[in-house]
Amino acid sequence: MNKNVIRIFSASLKILLHLVLIVLLTVVTQIGGVIYLITLIVVKKNASRRRLKKGVVFSVLYLSATFLIVPYVAPLFGRERIKETENITAHNFFYKLANRNYVRPELNKALQHIAKDFDRKNNGIQLVYLDANFPFIDKFPLLPHLSHNDGKKIDVSFVYNEQNGALTNKKPSVSGYGVYENPTTREYDQITVCKRKGYWQYDFPKYLTFGKVNKDIEFSIMGTRQLANSIVKQSEIGKLFIEPHLKTRLKLNSGKVRYHGCQAVRHDDHIHFQLK
Ligand SMILES: [Zn+2]
């Protein structure tokens, strides 16, 4: 009797762990949950060294799907992998490994124009992207960004300079998020306003840096301003989000530069923009 209870309990626990893993993989990579499910079916229950076999099968299936299959299937669903050039690059490999680098074809084209325009002014400084969208299904959010669910949205990094003033491709956050360019005492402080209203999530990304690096670089007003202007110049782009104090500091006067609202997260660690 006792043994049976233990057996049922451990079987239920196993199923629960599988479910948690499936949900987690789906939330982070969209296709990972399904691939894990396939792995569970393919690797027989009584197989010897099952855990190792599962790991190998999952890795092979996941990497083949991510790099060999999805890029060719996504266009059938209206999205493309972001085309990387010497001027456009992901902040790190995670964004590509997790299928978070898909956009509509119009946005892919706009990115090329933005990067070229920006490079013309700042030779060798790249357009560095963060989270875009998943390859499939409208309204499937790319967490933690609820709005990145239609192929029209993308986040990009600010531009920084070295101590001597020269622009650099280095960034201060490992993940790309959460290292803030805070308002000075003379600037409007939207962050305090939102937090006072009870929007606790407003500066939550400070927990998502995964470490701070390149501590000697500084936020470049000139470089980030030029990048923002290259973005809003494109006719396909409808809106750009940046924190109000930076909008003022960078003297961005295009009508496309908007405030995202307290229900979002603060945008003084990256720029968000989207198609019309
Ligand atoms: Zn965004």
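Because the structure is a prediction, the values reported are computed rather than measured. Start at 1 and go down the list; that is how both ligands and their atoms are numbered.
For an aromatic pair to be called close, the ring centres must be under 6.0 Å apart, and H260 with H267 satisfies this.
Listed by first and then second residue, the ring pair (Phe, Tyr, Trp, His ring centres under 6.0 Å) pairs involving residues 83-110 are F67-F93 (not counting sequence neighbours).
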Please tabulate, one pair per line, all N/O donor-acceptor pairs under 3.5 Å involving side-chain atoms of residues 55-63, not counting sequence neighbours.
{"residue": "S59", "atom": "OG", "partner": "G55", "partner atom": "O", "Å": "2.7"}
{"residue": "Y62", "atom": "OH", "partner": "L97", "partner atom": "O", "Å": "2.6"}
{"residue": "Y62", "atom": "OH", "partner": "N99", "partner atom": "ND2", "Å": "3.2"}

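Of all protein N, O or S atoms, those under 2.8 Å from the Zn ion (ligand 1) number 3.
Salt bridge K139/D150: absent, no basic N to carboxylate O contact under 4.0 Å. Using a cutoff of 4.0 Å between basic side-chain nitrogens and carboxylate oxygens, D117 and R120 are scored as salt-bridged.
For the ring pair (Phe, Tyr, Trp, His ring centres under 6.0 Å) test, residues two or more places apart in sequence or in another chain that qualify with H145 are H148, Y177.
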